[in-house]
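Letters A, B, ... mirror the listed sequences (proteins, then strands); counts begin at 1. Values below: every heavy atom of this structure, side chains too, minus hydrogens, waters and symmetry copies.
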2 protein chains.
Amino acid sequence: MKLQQLRYIAEVVKHNLNVSSTAENLYTSQPGISKQVRMLEDELGIQIFGRSGKHLTHVTPAGQQVIDIANDILSKVESIKKVSEEYTKPNQGELNIATTDTQARYALPQIIREFIKRYPKVNLHMHQGTPSQISEQAARGDADFAIATEGMHLYTDLIMLPCYHWNRSIVVTRDHPLAKITKPSIEDLAQYPLVTYVFGFDKASEIEKSFKRANLDPRVVFSATSADVLKTYVRLGLGVGVIASMAIDANIDKDLVAIDASHLFAHSTTKIGFRRGSFLRGYMYDFMLHFAPHLSRDVVEKAVALRDQQLIDEMFASMTLPIR
Amino acid sequence: MKLQQLRYIAEVVKHNLNVSSTAENLYTSQPGISKQVRMLEDELGIQIFGRSGKHLTHVTPAGQQVIDIANDILSKVESIKKVSEEYTKPNQGELNIATTDTQARYALPQIIREFIKRYPKVNLHMHQGTPSQISEQAARGDADFAIATEGMHLYTDLIMLPCYHWNRSIVVTRDHPLAKITKPSIEDLAQYPLVTYVFGFDKASEIEKSFKRANLDPRVVFSATSADVLKTYVRLGLGVGVIASMAIDANIDKDLVAIDASHLFAHSTTKIGFRRGSFLRGYMYDFMLHFAPHLSRDVVEKAVALRDQQLIDEMFASMTLPIR
DNA sequence: GGAATTTACGCAACTCGTAAGCATT
DNA sequence: AATGCTTACGAGTTGCGTAAATTCC
C-alpha cells in the first residue's frame, strides 16, 4: 500500500469516478492511475470501485470504508507537512477560508486586512459558497476554516467554535410606511412582502420561527444569499428587507432606513469550524483569536480536547460572546 | 513522504533510537533505514531526531509531533487492511488481547474457549502485563483490546467500555480466627496482616479507601499481581488474603475459607479498551458481546460515536452491569 | 577497540509516460 | 463516433543490500 494509491482513489472519487479528468487534474497519466488503483485493489483483495466493463460505475461498500480512512490518512499527511513548516517557516504558509458571502463581505475584511499585515508571507485564499459547500470543503481538508452561521452541524468531522452573535435589521426605503415606526411588531412586519436570505442557506430559520410563533405566515417574495443583492431589491421596492445588521453601512446605505429587529428575531451565532484532527498552524490560532477574541489558543485547544461537539457547545454556553 | 519512512521513524522510536536493532527487527538493512530517515528529514526540512555526531540521542519536539501523527497514520493503514480482510476473510484474522493476570486466569478462559470454537481461523494472542503496559499496547495498536480494572483512564487514545463489576473476598486458612466470622467488620480485618494486590497495579485503591474511611491503617505484608501467588502466601500463613472473588475456585481452594467482603469494599469495574479510530473486525464485536453481554455492536458503536470518555461513562452509568 | 552510523556502489524493482487496443455510452 | 479504461513497452528513478569508511562511547 502506497500513499499515492490512497491519493489516487480519493481523487478519483472526488472526480466522480472519472479517471481521465482525475489524471489531468493531478498532472499525471490516466493509465498510471488506473494501474495503481487496480494494484491497490489486488493487494487488498477487494474491489474499491464497481465496474461495468471498463468503466467505473460506483464505489463498493468496502471501497467507501477504505476511502473514508484514506482521506483521514491523507489529511494527517498534510498535518505532518504543516508541523514541519511550523518549524521551518513559522510565518509562511497557506490559509484557506471557506465562508459565506455575508461573512466575506462584512465580518472578515477588517480581520483579514490586519492578518495580511501581520503575516505578509501567508497566502490567503477565500472560498465562497453555501454553508454546506463550505462545511464540506473544511471537512475534506480543502479549506482550513469554515465560517458560517448555519448548516455546519451536520458534519461530525468538523469542530465548531462559536464566534459572535448577530441580529437582524429591517431595511426599507425612506418612503416606506415602516420607516416611521421605531419598534415595529411582528404583525406590522407581516403586512409586507419580505426580501431576505434564502431559506436553509444562511439563517431564514430564525425568521420563520418568529412568524410561526405569532401564527403568521411571512410572504418572502425574493430571497438571495447576498446582503448586497437583497438591498438592491429593497431599493427597487420589491419588499421589506430582513438583513444581518452588520451588513448595513451607514455611509453607503443612506437612502435606506434600517430598524433594529433584535426584539423580533432571536440572535444567530456565527461559528468557525475546522477539521477534527488537523494540525493548526500558529497563524491559524492567531487568526481565530483576532476574529473572535475569546478564542485564545488555550481555549481552542481545550475545546479540541473535549472531542464532542455537545461538550464544546456547553463549554461556550457559559461564556459571553461578542455581539455584532 | 512514503509510508515506509513513517514506519521507520516510528519503529526507531520504539527501539530506543537504535537503528541497528530496528533494522534487525524489520528484517531489513540498517543503512536503508538510516537513509530513509534522513531523506524524510530532508524533505520536511526538520530534524526528527537529535544527533550527537552519528548517534541518535533524542527526539526533537518537532519530531515528536511528527511521530505522533505518523503512528496515527500507520494505525489507519492497518484499519484499511482490516476492512478489506473483513470482506475477503470474515472469520479469519488476528485477535490480540492485552490483559492482567487475574483476567487472563479467571475471567477470560470460558469466553476464549467459546470464541476459539466459534472462530477457529482467528489467531488469538494474549499479552500479559501491568495495567499501564496493557493500556499502552492497546493505545499503540499492538493489541486490539486492553482488559483491566485500573490504570487505563490515563490514555486518551483509548475508548473504554465497562464490562462487569466484581467484589473481593477475604481468604484465610481454615484454622484462622476469621474463618469463624461470617460477616467480619473492617476493624476485624485490620487486626491481621494483609496479603493483597500490588498497589497501583490492579485495585488496592478501593481497599485503602475503606480502611481510611474507618481511620484504620492496613498492614500489607505481602503484595503481588497474581491471585494464585497471593493464595500461596495465604496458605503459608503470611496473612489474610483480600482477593477478587472470581479468583476463588471452590474445588482447588478447598483448604481455604473465602468470606465475601462486598460489604467492606466498594466493587471495582473491569473495562475493555481499544484504540480510538481503529477499525473493529466483526469477530471483535462478537468477542466483546460474549465477554460482556450488554456490549452489543449497536451499543459499542454508539459509545464510539460519543467520542468523549466522560459521555461514554455516563451512557453506561444508567445500565446495570453484570456482577461476578 | 567495539558498536553504531554514514558513505559508496550496484542490482533489482517500481513508477510513470507514451502509444496502441478495446469496451462502453 | 466519441469518450474512457486497459494493455504493452520503454526510460528514468528509487529502494535496498553489501562493503568500506567514519565516528562515538
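- Take B:Phe274 and apply the ring-ring contact (aromatic ring centres under 6.0 Å, His included) test, not counting sequence neighbours, and it matches no residue.
- Applying the side-chain contact (heavy atoms from CB on, under 4.5 Å) test to A:Ser132 and every residue at least two apart in sequence or in another chain returns A:Thr130, A:Tyr155.
- The ring-ring contact (aromatic ring centres under 6.0 Å, His included) check on A:Phe222 picks up A:Tyr233, with sequence neighbours excluded.
- The residues B:Glu301 and B:Arg297 are annotated as salt-bridged, a charged nitrogen and a carboxylate oxygen being separated by less than 4.0 angstrom.
- Between A:Asp142 and A:Arg275 there is no salt bridge, since no side-chain N of the basic residue sits under 4.0 Å from a carboxylate O of the acidic one.
- Within residues 7-16 of chain B, the residues that place at least one heavy atom under 4.0 Å from DNA chain D are, in residue-number order, B:Tyr8.
- Taking the side-chain contact (heavy atoms from CB on, under 4.5 Å) definition, one finds that A:His125 meets it with A:Glu94, A:Asn96, A:Asn123, A:His127, sequence neighbours left out.
- In this structure, the CD atom of A:Gln4 is 11 Å from the C1' atom of C:dC14, given to the nearest Å.
- As judged by a 4.0 angstrom heavy-atom cut-off over every strand, A:Ser20 is placed among residues touching the sugar-phosphate backbone only.
- Put simply, A:Gln30 has no side-chain N or O that comes within less than 4.0 Å of OP1 or OP2 on C:dT18.
- Checked against the 6.0 Å centroid threshold, B:Phe115 and B:Tyr119 count as a close aromatic pair.
- Residues forming a ring-ring contact (aromatic ring centres under 6.0 Å, His included) with A:Phe279 (at least two apart in sequence, or on another chain): none.
- To the nearest angstrom, P of C:dA4 lies 15 Å from CG of B:Asn25.
- Note that the two end axes of the helix from C:dG1-D:dC25 to C:dT25-D:dA1 enclose an angle of 40°, each drawn from 5 base pairs, rounded to 10 degrees.
- Contacts between chain B and DNA chain D, taken as any atom within less than 4.0 angstrom of a protein heavy atom, begin and end at D:dG15 to D:dC25.
- Between A:Asp157 and A:Arg276 there is no salt bridge, since no side-chain N of the basic residue sits under 4.0 Å from a carboxylate O of the acidic one.
- Note on B:Leu17: only backbone sugar-phosphate atoms sit closer than 4.0 angstrom, heavy atoms only; bases stay farther off.
- Interface residues of residues 52-63 of chain A facing DNA chain D, ordered by number: A:Lys54, A:His55; criterion, heavy-atom separation under 4.0 Å.
- Put simply, the side chain of B:Thr28 never gets that close to the backbone of B:Glu24: no donor and acceptor are under 3.5 Å apart.
- Legend: side chain to side chain donor-acceptor pair (under 3.5 Å) pairs involving residues 56-71 of chain A, not counting sequence neighbours, sorted by first then second residue: A:Gln64-A:Asp68, A:Gln65-B:Tyr87.
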What donor-acceptor contacts under 3.5 angstrom involve side-chain atoms of residues 30-38 of chain B, with partners at least two apart or in another chain?
unit_1	atom_1	unit_2	atom_2	d
B:Gln30	NE2	B:Ser34	OG	3.1
B:Gln36	OE1	B:Gln5	NE2	3.0

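- Note on A:Ile33: nothing from the nucleic acid sits closer than 4.0 angstrom, heavy atoms only.
- The salt bridge (Lys or Arg N to Asp or Glu O under 4.0 Å) contacts involving residues 51-61 of chain B comprise B:Glu41-B:Arg51, where partners must be two or more places apart or lie in separate chains.
- Of the two residues near DNA chain C, B:Asn18 and B:Lys35, the one whose nearest nucleotide lies more 5' is B:Asn18.
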